[in-house]
Amino acid sequence: LPSLWFAGGLIVAFYIHSVTILVPRYGVANVILFVMVAQLLMSAVIDHFGLWGVPRTAMDPKRFAGFIVMVVGLVLTQSGAQSK
């Protein structure tokens with residue numbers, strides 16, 4: 001259990017360091033949007049394959065289309081951020 005706490009601490013430290021570096025470059029809203037999209041995509045992968053014993057939820061066309069819309073939104077916000 002302490003090794004999991006150590007791993008969790010490293011992950012949080014990496015997240016804080018990454019956000020600290022990325023926010024001045026891309027803006028707070030874009031960084032938060034990227035984190036949210038990444039978390040949702042990873043949760044869909046975990047659900048689809050039933051990793052770590054979670055019930056499997058297959059990726060259907062409706063869910064896939066929703067993720068495509070989120071990624072397109074992320075790309076659009078990122079393209080606007082770099083045109084400053």
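Residue indices begin at 1 and follow the sequence shown. Just so it is clear, the values below take in all heavy atoms, side chains as well, and ignore hydrogens, waters and symmetry mates. All of these numbers come straight from a predicted model, not from anything done at the bench.
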Mind listing the side-chain donor-acceptor pairs of residues 32-42 below 3.5 Å, one per line with the distance, residues two or more places apart or on another chain?
none

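- Placement of Ile21 and Val23 in two distinct hydrophobic clusters is found when ILVMFWY residues are connected by side-chain heavy-atom separations under 4.5 Å, directly or transitively.
- In this structure, Arg25 and Val31 have side chains that are not in contact, with every pair of non-hydrogen atoms separated by 4.5 Å or more.
- At a threshold of 4.5 Å between side-chain heavy atoms, the hydrophobic network of Ile, Leu, Val, Met, Phe, Trp and Tyr places Phe14 and Ile11 in two separate groups.
- Atom CZ of Phe64 sits in a sparse spot, with 12 or fewer heavy atoms from other residues, nucleotides or ligands closer than 6.0 Å.
- The main-chain N or O of Ala58 is never found under 3.5 Å from a side-chain atom of His48 such that the two would form a donor-acceptor pair.
- Grouped with Leu51 in one hydrophobic cluster are Val45, Ile46, Phe49, Trp52, Val54, the linkage being side-chain heavy-atom contacts under 4.5 Å among Ile, Leu, Val, Met, Phe, Trp and Tyr residues.
- Between Leu22 atom CG and Asn30 atom CG the span is 10.5 Å, to the nearest 0.5 Å.
- If you chain together hydrophobic residues whose side chains sit under 4.5 Å apart, Trp5 and Leu10 never meet in one group.
- Minimum heavy-atom separation, Met59 to Ala44: CE-CB, 3.7 Å.
- By the rule that hydrophobic residues join a cluster once side-chain heavy atoms approach within less than 4.5 Å of another member, Val71 and Ile68 end up as members of one cluster.
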